[in-house]
Amino acid sequence: MVDLLISGIIYGSIITLGAIGLTLMSDILNFFNFAYGDFFTLGAFCTLAFIGFLPDLGTFSHLSFGWSMVIAIILSIGVTVLIMLFFDYLFFKRLRDLGVTSLFMSLASLGVSFVIRAIINIIWGPKVRYYSTTIQISKTLPFGIRMKPDEMVILLCAFILVFSIFYYLRQTKMGKAMRAVSDNKILAQASGIDNKHVIMWTWIISGVLAAVAGTFYGIQVQLSPTMGWNFLIPLFVAVIMGGVGSFWGALLGGMTIGIAEELITGLIQNTFTLMEIQANISVYKPAVAFVFVIIILLLKPYGILGKKKG
Amino acid sequence: MNILKVKRLTAGYGAQDVIFDVSVHIDLGEIISVIGPNGAGKSTLLKVLAGIIKPKSGDILFKGTSVLGKSPQYMTSRGLSWVPQEDNIFPSLTVLENLEVGAYLLKEDLSGRIDEVCQIFPQLKERMKQTAGSLSGGQRQMLAVARGLMMHPDLLLLDEPTSGLAPTLVHMMLEKIEEIALRLGNAVLLVTQTLDAVRLSNRGYLISAGAIKYEDTTEALLTNREVRDLYFGG
């Protein structure tokens, strides 16, 4: 039970990173970006590519990775952000200038997602890949908690990143401008805020989160060209559940979905094993997310922390 | 000296024109009222002046320079501030953050300006950390005007600032508008349907069906029987 909970918290922390990026985009850019999952995949594969280019700098004590991974993540963030800004310039900016609806923007993002996935498939092929094939032994911590060293680092980094973004949105001038645009675009413009600048920063922050979350998912699970597309379901559920545009909602939704998926499928799997029934319950994880979102939407149509916008 | 001179302005939404051939002028230090029935185009006129809506034809001279088709950011940077009737605050931001965003274009320390607007609206001072969305209707209106003052505008566009306020708050808000004009020495363009607000102004325009029907001093406008009967209920 504790193992499942810990596994859920780690999975939830990765969902939270992506959900914050997606909720910022959905709120400020005013459309659901279906390509976000594939930017997540792109980030993970860029890290893999940079690890391949960089010299072997060894691994950190107890961890499956070393300095080459740290440098690769930083480079991957840069490349992912640049590619996202390029796609914005190529497609989304033009559509915004034409004044198309949110629905049309979302459909366009679906097209962009196919393009990115196809490019990843062409470059890296369809097979599953790993950053490291080293088998890690879990460490025993107080209260019977067992975690792998990689998982501890993922959790710590996700925590630092979430609170850095929160600090940025709360304390910096651009962060306040982003929140103002999210509240009222016209009044923000009339206050002197340049919406184009805010949109650019939204892509940058979302890109950083996509690249880091993708890489963390790759460390924790594996890399495949469809990883981001499959990850979209928990991401969207986390955003909708927490309330579109809500930072704390994304955190709450991400952690809830992560923990619920691991706990519920894990407990059912354990029960089936005890009853000697052979079944792979983990493939039904998305079903847990769907059940959650249906219940939340019936009870709180704007999400747990979301508000109706005028 | 005209701070604003609008010449034969035509504008609207998409293909639908809402104001036609509108000409208005304001001098520095003047309070001008724009009155008219609902849907006459009063708010549209302010949106065009603020750069929110691009006009179809005509010209807008602000401080002697044409600003036709300029962006809202540009208009704010030149010294024009617009306070809309509705959705005039950032509800998820605190009162302090609303004021800071109001002076977004400034790079200087804002504490002096925040103190200044708090002298005009002392009620805001004790609510600085409160979320704007949790304020009462009157407090929201005060915050909206205070946000509009943060840039020390030369021209303040107020769209029905007393709309939805209790009668005691209406008088308080009108006194504040008068105080603002005296303190800052700027010009105020006031869209209103309240008789007391019209009395506050030096001159007034009556707009109906998107066109200016009357332009006169406040006294003349208020003694005009047709204006009184039609727009102030006699």
Side-chain angles (χ1 to χ4, degrees), chain A residues 20 23-24 26-28 30 96-101 165-202 242-251 302-310, chain B residues 13-14 43 46-54 70-94 96-110 129 131-134 140 143-144 146-151 153 156-157 159:
Chain A
I20 290 171
T23 207
L24 277 175
S26 309
D27 200 34
I28 294 172
N30 206 24
R96 275 197 304 276
D97 292 345
L98 287 170
V100 301
T101 62
I165 301 278
F166 176 71
Y167 179 85
Y168 179 84
L169 292 173
R170 285 276 151 188
Q171 299 298 329
T172 66
K173 197 170 181 177
M174 180 48 68
K176 287 173 192 172
M178 288 172 76
R179 287 164 54 218
V181 170
S182 149
D183 261 5
N184 188 334
K185 287 181 179 62
I186 291 173
L187 192 63
Q189 276 186 299
S191 300
I193 294 171
D194 185 351
N195 275 4
K196 286 176 191 159
H197 210 187
V198 168
I199 287 170
M200 185 186 80
W201 276 102
T202 306
V244 178
S246 167
F247 179 90
W248 294 115
L251 178 65
Y302 298 102
I304 297 170
L305 300 178
K307 285 176 186 144
K308 185 181 180 181
K309 293 201 173 177
Chain B
Y13 304 90
S43 297
L46 294 201
K47 282 181 187 170
V48 176
L49 297 179
I52 304 293
I53 298 174
K54 304 287 174 230
K70 294 289 184 187
S71 70
Q73 293 97 315
Y74 178 82
M75 296 308 293
T76 308
S77 70
R78 284 293 311 273
L80 182 144
S81 200
W82 169 62
V83 180
Q85 182 186 356
E86 290 170 340
D87 296 330
N88 51 17
I89 55 160
F90 300 105
S92 76
L93 271 60
T94 64
L96 178 63
E97 287 170 339
N98 266 271
L99 297 177
E100 287 172 346
V101 168
Y104 184 77
L105 292 171
L106 300 179
K107 289 188 168 66
E108 64 195 55
D109 177 44
L110 300 177
K129 291 192 173 159
T131 313
S134 67
R140 280 178 182 226
L143 177 60
R147 185 201 58 76
L149 291 176
M150 284 298 289
M151 287 290 287
L156 183 61
L157 308 178
D159 195 351

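Treat the numbers as computed from the prediction; the structure is a model and nothing was measured. Both backbone and side-chain heavy atoms feed into the values below; hydrogens, waters and symmetry mates do not. First the proteins, then the strands, lettered A, B, ... as listed; each starts at 1.
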> With only heavy atoms counted, which part of I89(B) is less than 4.5 Å from chain A, the side chain, the backbone, both or neither?
Replying inline: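 Interface part for I89(B): backbone (N, CA, C, O).
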> Non-hydrogen atoms of chain A under 4.5 Å away: do they reach the side chain of L106(B), the backbone, both or neither?
Replying inline: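 It is the backbone, since no side chain atom gets that close.
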> So D159(B) and V83(B), side chain to side chain contact (heavy atoms under 4.5 Å, CB included) or not? Walk me through it.
Replying inline: CA-CA 6 Å; D159(B) 195 351; V83(B) 180; over 6 Å; no
> Among V198(A), I193(A), I199(A), D194(A), which residue meets the side-chain contact (heavy atoms from CB on, under 4.5 Å) test with K196(A)?
Replying inline: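 Testing each of V198(A), I193(A), I199(A), D194(A) against K196(A), the sole residue satisfying side-chain contact (heavy atoms from CB on, under 4.5 Å) is D194(A).
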> With no hydrogens and no angle check, do the side chains of S191(A) and R147(B) hold a donor and an acceptor under 3.5 Å apart?
Replying inline: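 Per modelled atom types, S191(A) and R147(B) side chains form a pair under 3.5 Å.
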> A177(A), A188(A), A180(A): which one forms the most heavy-atom pairs within less than 4.5 Å of chain B?
Replying inline: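 Of A177(A), A188(A), A180(A), A180(A) has the most heavy-atom pairs under 4.5 Å with chain B.
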>> Taking every non-hydrogen pair under 4.5 Å, which of I186(A), L187(A), N184(A) racks up the most with chain B?
In response: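 Sorted descending by pairs with chain B, the first entry is L187(A).
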> Are E100(B) and K173(A) within salt-bridge range, i.e. N to O under 4.0 Å?
Replying inline: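 No salt bridge links E100(B) with K173(A).
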>> Looking only at heavy atoms and a cut-off of under 4.5 Å, which of N88(B), L105(B), L93(B), I52(B) has the most pairs with chain A?
In response: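 Ranked by heavy-atom pairs under 4.5 Å with chain A, first place is L93(B).
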> Relative to chain A, which of S81(B), S77(B), P91(B), G148(B) shows the most heavy atom pairs under 4.5 Å?
Replying inline: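 So the answer, after comparing S81(B), S77(B), P91(B), G148(B), is P91(B).
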> Which heavy atom of L305(A) sits nearest a heavy atom of S246(A), and at what distance?
Replying inline: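 Scanning both residues completely, I find the closest heavy atoms to be CB-OG, 3.6 Å.
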